[in-house]
*Asks:* 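Let me begin by handing over the structure; questions about it come next.
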Protein chains: 2
Amino acid sequence: MGVIETAIDTIKQMIIDGELRPGQKLPVEKNLAEQLGVARNTLREAVRALVAMRVLQTRQGDGTYVTSLSPDLLLDGMSFVADIHLDAGAGEFLHVRRILEAEATALAATRIPDADLVRLGDLLDEAETVAACDPVDHEKLIALDQDFHALIASHCGNAVLAAVIQNMSGRTVRARIWRGMSDPEAVHRTLREHRAVHRALLARDSERARLHAALHVLGVEESLTVPRAFEGEAARG
Amino acid sequence: MGVIETAIDTIKQMIIDGELRPGQKLPVEKNLAEQLGVARNTLREAVRALVAMRVLQTRQGDGTYVTSLSPDLLLDGMSFVADIHLDAGAGEFLHVRRILEAEATALAATRIPDADLVRLGDLLDEAETVAACDPVDHEKLIALDQDFHALIASHCGNAVLAAVIQNMSGRTVRARIWRGMSDPEAVHRTLREHRAVHRALLARDSERARLHAALHVLGVEESLTVPRAFEGEAARG
DNA sequence: CCATTCATATTCATCGGATCAATTGGAGTT
DNA sequence: AACTCCAATTGATCCGATGAATATGAATGG
């Protein structure tokens, strides 16, 4: 194994062993390099790899720190995975997202605070307003869609589940799905499905919420996989 | 944004845009650095970050290549996330794994070839043999357990789902769970649950397979979360 | 003509040092 | 006590050199 890989694993192990704790500052590059027996440039490449994994964070003029190591932080590299597989594997990602989002929505039905239920309604109101404008602001719709799903997932009571869902469909994938909805009817169908999920949550009905969430993601899946000849039929609602 | 981050994103974007395809060789470090307008050391740190993400692969004396970019490759960084959260978040990871593994097992019931059903049986026979020995070889049991679940997941028909499951419980987590089973009865219970999943798969019964898979992971969850005072009761089977 | 061996070129791996830039913290001033 | 400003600290970036692994093609032997 190369010197850099060894250095990476050493730092990783120090974290797993609790020798390095979240938020803790690492020794300065010069000293740490000496401690690990490598050159400063070599250490920097190891640190850079860990920064890419969101395990470490560097601040020029200050130092290098261990991040919070929270699951949502460490799992956000998955977005890129989803993004580069948006051609062949988008359907597979969506399938996983359907499974997880159905469960998370069901869990959230009994946990989401009333205040956030109101906020969900506000998001939907705003989305419908945007969708009604003539030059539809797709970027705004994408952001509102992401907020809607993220807010629900964040109240499922499982940070790991929320993080995986959040990153399962990367920004590029989400953007592409919405951009593919040139048909205004498809946009309205999506908004209706969001409303259905919202109503189920308002009723604190886990099973209804689960079904509507699954159906919603399934609709997106089918809009991507159904052959063009049948798209009109599939998108009718 | 720093020079290195820019270089990383540029290479990423070249891949997303299809400018760089899986398996393709990158220009030599000197040229690529010049092309991106950075020093060679800086480019190396960017490349190193992408290697850590399993996006690029370097071979000394040969060159730097784009990997296959397959989901199972790119998602395997999650193992480390699971490993460092084995204290606080092991239960949350297992919950996600329960959801996904139940679905994957149900899907596999109608897809796994007969030959691999036989192989699953062989794995269970071997595990029971190992468990019967006096100095139980826990390492061997861990490996057989991993093979059992991986083989099922690989036949769910969704590479992304299989990859997420495979990496949801890292090696360290899995090892810790098995090592926690000092009670021989807990080991036997696990093996019985594996047998039940196997029988459901043999019957090609998706719903039975789903239930047994979920129950199996749930058993592991509870063995970790139930207070010590109740462990004996919880582990009785 | 084919297979093997071996020298050489190519390429990444690692190293050491130098300079730039951002942040911090304390000295000095008001 | 609050503010300003400068110097020390620290990471960011660059440069050049050497080592190590691989590929390539020429030379060799069958």
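The figures that follow rest on heavy atoms only: side chains count, while hydrogens, waters and symmetry mates do not.
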*Asks:* Show the numbers, then the answer: is there a side chain to side chain contact (heavy atoms under 4.5 Å, CB included) between B:L107 and A:H95?
*Replies:* CA-CA 12 Å; B:L107 289 168; A:H95 186 171; 3.8 Å; yes
*Asks:* Where along residues 54-70 of chain B does a heavy atom come under 4.0 Å from DNA chain C, residue by residue in number order?
*Replies:*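 By residue number: B:T58, B:R59, B:Q60, B:G61, B:D62, B:G63, B:T64.
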*Asks:* Please examine the side chains of A:L151 and A:D116, heavy atoms only from C-beta on, and report whether any two atoms are closer than 4.5 Å.
*Replies:*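 Contact flag for A:D116/A:L151 side chains = yes.
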*Asks:* Nearest heavy-atom pair of B:C156 and B:A104: which atoms, and what distance?
*Replies:* CB-O, 3.6 Å
*Asks:* Mind checking salt bridge (Lys or Arg N to Asp or Glu O under 4.0 Å) for B:R119 and listing every partner two or more places apart, or none if nothing turns up?
*Replies:* none
*Asks:* Just report the end-to-end axis angle for the helix from C:dC1-D:dG30 to C:dT30-D:dA1, five pairs per end, to 10 degrees.
*Replies:* 10°
*Asks:* Is there a donor-acceptor pair under 3.5 Å between the side chain of A:N158 and the backbone N or O of A:V160?
*Replies:*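 It does hold such a pair.
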*Asks:* 5' to 3' on DNA chain D, which nucleotides open and close the contacts with chain A (atom under 4.0 Å from a heavy atom)?
*Replies:*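 Using the under 4.0 Å cut-off, the span is D:dT9 to D:dC15.
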*Asks:* Taking the side chain as everything from C-beta on, heavy atoms only, tell me whether B:D17 gets closer than 4.5 Å to B:M14.
*Replies:* no
*Asks:* Counting only N and O atoms by type, is there a donor-acceptor contact under 3.5 Å from the side chain of B:K12 to the main-chain atoms of B:A7?
*Replies:*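 Not at all, since once roles are kept as given, no pair shorter than 3.5 Å links the two residues.
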*Asks:* For A:P27, what residues pass the side chain to side chain contact (heavy atoms under 4.5 Å, CB included) criterion, not counting sequence neighbours?
*Replies:* A:N31, A:L32, A:Q35
*Asks:* May I ask you to test the A:R21-A:V66 pair for a side-chain heavy-atom distance under 4.5 Å?
*Replies:*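 No - every pair of side-chain heavy atoms lies 4.5 Å or more apart.
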*Asks:* Could you tell me how far apart A:L43 (CG) and C:dG16 (P) are, to the nearest whole angstrom?
*Replies:* 13 Å
*Asks:* Any salt bridge (Lys or Arg N to Asp or Glu O under 4.0 Å) involving residues 103-112 of chain B? Give me the pairs, sequence neighbours left out, ordered by first then second residue.
*Replies:* B:E103-B:R210
*Asks:* Count the heavy atoms belonging to other residues, nucleotides or ligands that lie under 6.0 Å from CD of B:E34, then report whether that count exceeds 12.
*Replies:* no
*Asks:* Crowded around A:E5 CD? As in, over 12 foreign heavy atoms under 6.0 Å?
*Replies:* yes
*Asks:* Please report the shortest heavy-atom distance between B:Q166 and B:A150, naming the atom on each side.
*Replies:*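 Scanning both residues completely, I find the closest heavy atoms to be OE1-CB, 3.3 Å.
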*Asks:* Using a strict heavy-atom distance below 4.0 Å, which residues from residues 3-12 of chain B are in contact with DNA chain D?
*Replies:* B:V3, B:I4
*Asks:* For nucleotides 17-19 of chain C, list the nitrogen or oxygen atoms of the protein found under 3.5 Å from its nitrogen or oxygen atoms, one pair per line.
*Replies:*
residue: C:dA18; atom: N6; partner: A:R40; partner atom: NH2; Å: 3.3

*Asks:* Can you name the residues that form a side-chain hydrogen bond (donor to acceptor under 3.5 Å, both in side chains) with B:H216, not counting sequence neighbours?
*Replies:* B:H149, B:E193, B:H194
*Asks:* Mind listing the closest non-hydrogen atom pair of B:L94 and B:E221 along with its distance?
*Replies:* CB-CG, 3.5 Å
*Asks:* Quick check on contacts: within residues 22-39 of chain B, what sits under 4.0 Å from DNA chain D by heavy-atom distance?
*Replies:*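 Contacts with DNA chain D under 4.0 Å: B:V38, B:A39.
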*Asks:* Kindly write out the residues that satisfy salt bridge (Lys or Arg N to Asp or Glu O under 4.0 Å) with B:E128, not counting sequence neighbours, or none if the list is empty.
*Replies:* B:R195
*Asks:* Name all residues meeting the side-chain hydrogen bond (donor to acceptor under 3.5 Å, both in side chains) criterion together with B:R97; count only those two or more places apart in sequence or in a different chain, and write none if there are none.
*Replies:* B:E101
